Amino acid sequence: MAGCFMNTYHRVSLEGGLPLTFVRGEGSWLFDGEGRRYLDFTSGIAVNCLGHGWPDLVQAIAGQAARYNHVCNYYQSDVALAFAEKLVAACSGAGMIKVFLGNSGAEANEGACKIARKYSLVKYGPGRHRIVTLRGSFHGRTITTLAATGQDAFHRDFGPFTEGFVHIPGGDLDALDRALDGDATAGLLIEAVQGESGVKPQSREFIAAAARLCAGRDILLMFDEIQCGLGRTGTFLACEAYGVQPDVITLAKGLAGGVPIGAVLAGAKAAEVLQAGDHGSTFGGNPLACAAGLAVLDAVLAPGFMEEIVRKGRRILAALESWKHPRIREIRGRGLMAGIDLNTEAWPLLEAAAARASPGNPGAKDGTPGLLILSAGKNTLRLLPPYTISGEEIGLGLGILREALG
Ligand SMILES: *Cc1c(COP(=O)(O)O)cnc(C)c1O
């Protein structure tokens, strides 16, 4: 029974309060044990970016499972090497030249913070260890990445946190200048488009100022692209749309299409900071994850793929805007990442959209699908459909959302 899980998650429940439990996925669809179908506008929070059961991804994982699942990091794995080379090449336009592979977003951001701390310590000595992040940011759930996360709601109950983290308001150029002043700061960690706090893109001016100040003061500019990277916002890396080259970029979520993975990429300034013995991870560079990651990169880097994301994303935003629905206060989006501010709470609507799946949904026609969407904070809906979603599925999902809004 569900009672065996620690009570860490608000679960979406249907009638009777039972948590919605999936048994199968196919393309943009998930199926529960009663045979009801749900159109997936979540991609598991930007994770299974190619939907469910993408044939090349399935083959890559199955094929690698048959070859070998794991070797320890005393040795190199052919598939980890192939993946790392392809990933670094894909990020070379943003100046990236090396990568460290781990298992999650939080672990990737921990690695980034370690790089910033050591870079500064070796070059400038102790005391210059501060890491500046933005209010509304989300960087993970470990004690250090919680310290980095600029939302008070996450800071209850778990202190003391790792020291040396400072949060400033995004968009505030004076606060940025002040926070990066005084020879105390090793790194600036930012999400170009904040995901967890409601799909909030930083302005071009702010990112440009951040890049200029960091370069001038030898502070590492670090982009957390765990949610907004990998094509989600319509460019392979979100930083490309801002025309900046960070010193460090973290990726995770969608990078292996649903298999756990995380990556810290570094440009010329930061690539040699970590040396043998400085950092590591038992599962880092896991062959199954890397085989999956290769399949994801093959799909996402195919010619025309980013244009498709942009085209699909524009269609969704245009439809949402055209409704002029009284419950919608503001709509924000980049690529296939959309945030919808409501003047009511998001969670009940999220459950109502899922509950449209019949049978069991009062008044639903037979075979009516449910729609899976996300919240981001109390009053914001978040849509992160798989990149592979079809035009017909977009239309269907928007229709369900429109009806659920009432
Ligand atoms: C999800 C997320 C993380 C944390 O990733 P985990 O894999 O859950 O540790 C960090 N940063 C951003 C921007 C995220 O969206």
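FYI, side chains are in, hydrogens and waters are out, and symmetry mates aren't considered; it's all heavy atoms of this structure. Just so you know, residue 1 is the first one in the sequence shown, and it goes up from there. Model, not experiment: these values are computed from the prediction. As the structure lists them, so they are numbered: ligands from 1, and atoms in each ligand from 1.
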Looking at atom 8 (O) of ligand 1, would you say a protein heavy atom lies below 4.0 Å from it?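 No, no protein heavy atom sits under 4.0 Å from atom 8 (O) of ligand 1.
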Is the contact between Glu191 and ligand 1 made by the side chain, the backbone, both, or neither, using heavy atoms and a 4.0 Å cut-off?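 Looking at Glu191 and ligand 1, just side chain atoms fall under 4.0 Å.
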Starting from [atom], locate the nearest protein heavy atom and write down its residue, its atom name and how far away it is, to 0.1 Å.
| atom | result |
| --- | --- |
| atom 12 (C) of ligand 1 | Phe138 O, 3.3 Å |
| atom 5 (O) of ligand 1 | Gly105 CA, 3.3 Å |
| atom 2 (C) of ligand 1 | Lys253 NZ, 2.5 Å |
| atom 11 (N) of ligand 1 | Asp224 OD2, 2.7 Å |

If you round to the nearest 0.5 Å, how far is [atom2] of [Y] from [atom1] of [X]?
| X | Y | atom1 | atom2 | answer |
| --- | --- | --- | --- | --- |
| Glu240 | Glu225 | CD | CD | 8.0 Å |
| Ile340 | His325 | CD1 | NE2 | 11.0 Å |
| Leu30 | Leu20 | CG | CG | 8.5 Å |

Can you list the atoms of ligand 1 that are under 4.0 Å from a heavy atom of [X]?
| X | result |
| --- | --- |
| Asn109 | 10 (C), 11 (N) |
| Ser104 | 7 (O), 9 (O) |
| Ala106 | 4 (C), 5 (O), 6 (P), 9 (O) |

Side chains of [X] and [Y]: is there a donor and an acceptor less than 3.5 Å apart?
| X | Y | result |
| --- | --- | --- |
| Ser197 | Gln151 | no |
| Ser28 | Glu393 | yes |
| Ser120 | Arg128 | yes |

Could you tell me whether some N/O pair between Gln227 and ligand 1 is separated by less than 3.5 angstrom?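 Yes; the residue has a nitrogen or oxygen that sits under 3.5 Å from a nitrogen or oxygen of the ligand.
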Does any N/O atom on Ala252 come nearer than 3.5 Å to any N/O atom on ligand 1?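 Such a contact does not occur with ligand 1.
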Ion pair Arg37/Asp32, N-O distance below 4.0 Å: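 Answer for the salt bridge query: no.
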Ring centroid separation Phe22 to Tyr38 under 6.0 Å: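 Yes, the ring centres sit under 6.0 Å apart.
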